[in-house]
Amino acid sequence: MAKTDSRPKAPPKPKPFLLQLIFLPWTLFSRLFTGLLIAILLSIVIEWIGMIFWWDEEHAQRMFIQEYNVIKTSFNFSILGSPPIILIN
């Protein structure tokens, strides 16, 4: 027969509040970074699958022209100092 332990199990120790307060921003940042990284990788994989199975070669050129026009009309200022359209050219 198996013996049963009659001693009550101790509840887990709670983490100190200061430790939680220090690591909370790091935890939130790491989760956000992980989510963004997964989203970027997933979009790249979807693009590759589309290029292999569905889209023709003109698709890339049409997408480049469309994105170029959006950048040209929407983004006039850059942190790097020059407008983004100059960096693309």
Side-chain angles (χ1 to χ4, degrees):
M1 272 174 89
K3 288 186 177 182
T4 58
D5 193 9
S6 62
R7 289 180 285 158
K9 292 184 180 180
K13 269 188 168 178
K15 293 181 182 176
F17 178 72
L18 184 60
L19 190 64
Q20 288 179 348
L21 192 62
I22 291 172
F23 285 109
L24 180 66
W26 173 251
T27 304
L28 293 176
F29 173 75
S30 65
R31 287 183 182 176
L32 179 67
F33 181 74
T34 303
L36 289 174
L37 186 65
I38 290 171
I40 289 170
L41 292 175
L42 185 62
S43 67
I44 290 171
V45 168
I46 290 172
E47 186 74 24
W48 284 351
I49 291 172
M51 286 190 298
I52 292 171
F53 292 111
W54 293 290
W55 300 317
D56 54 355
E57 291 189 18
E58 289 84 29
H59 172 77
Q61 187 173 7
R62 285 192 311 264
M63 291 303 298
F64 176 76
I65 291 171
Q66 180 181 358
E67 290 171 359
Y68 177 82
N69 290 332
V70 168
I71 290 174
K72 185 169 65 173
T73 58
S74 300
F75 299 105
N76 299 324
F77 177 74
S78 172
I79 295 174
L80 301 176
S82 61
I85 200 65
I86 293 174
L87 295 175
I88 291 175
N89 291 332

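- Under the side chain to side chain contact (heavy atoms under 4.5 Å, CB included) rule, D56 has a single partner from M51, R62, Q61, which is R62.
- Criterion: ILVMFWY side-chain heavy atoms under 4.5 Å apart, direct or through other members. Under it, W55 and I52 are part of a common hydrophobic cluster.
- Atom CD of E67 and atom CG of N69 lie 10.5 Å apart (nearest 0.5 Å).
- For W54 against I49, the heavy-atom pair with the smallest separation is CZ3-CG2, 3.6 Å.
- Both F53 and V45 belong to a single network of hydrophobic side chains, linked directly or stepwise wherever heavy atoms of I, L, V, M, F, W or Y lie under 4.5 Å apart.
- When hydrophobic clusters are built by joining Ile, Leu, Val, Met, Phe, Trp and Tyr residues whose side-chain heavy atoms come closer than 4.5 Å, directly or via intermediates, L32 is not grouped with I40.
- Classification of the W26-F29 ring pair by plane angle, with boundaries at 30° and 60°, yields tilted.
- To the nearest 0.5 Å, the span separating CG on L41 from CG on L36 amounts to 11.0 Å.
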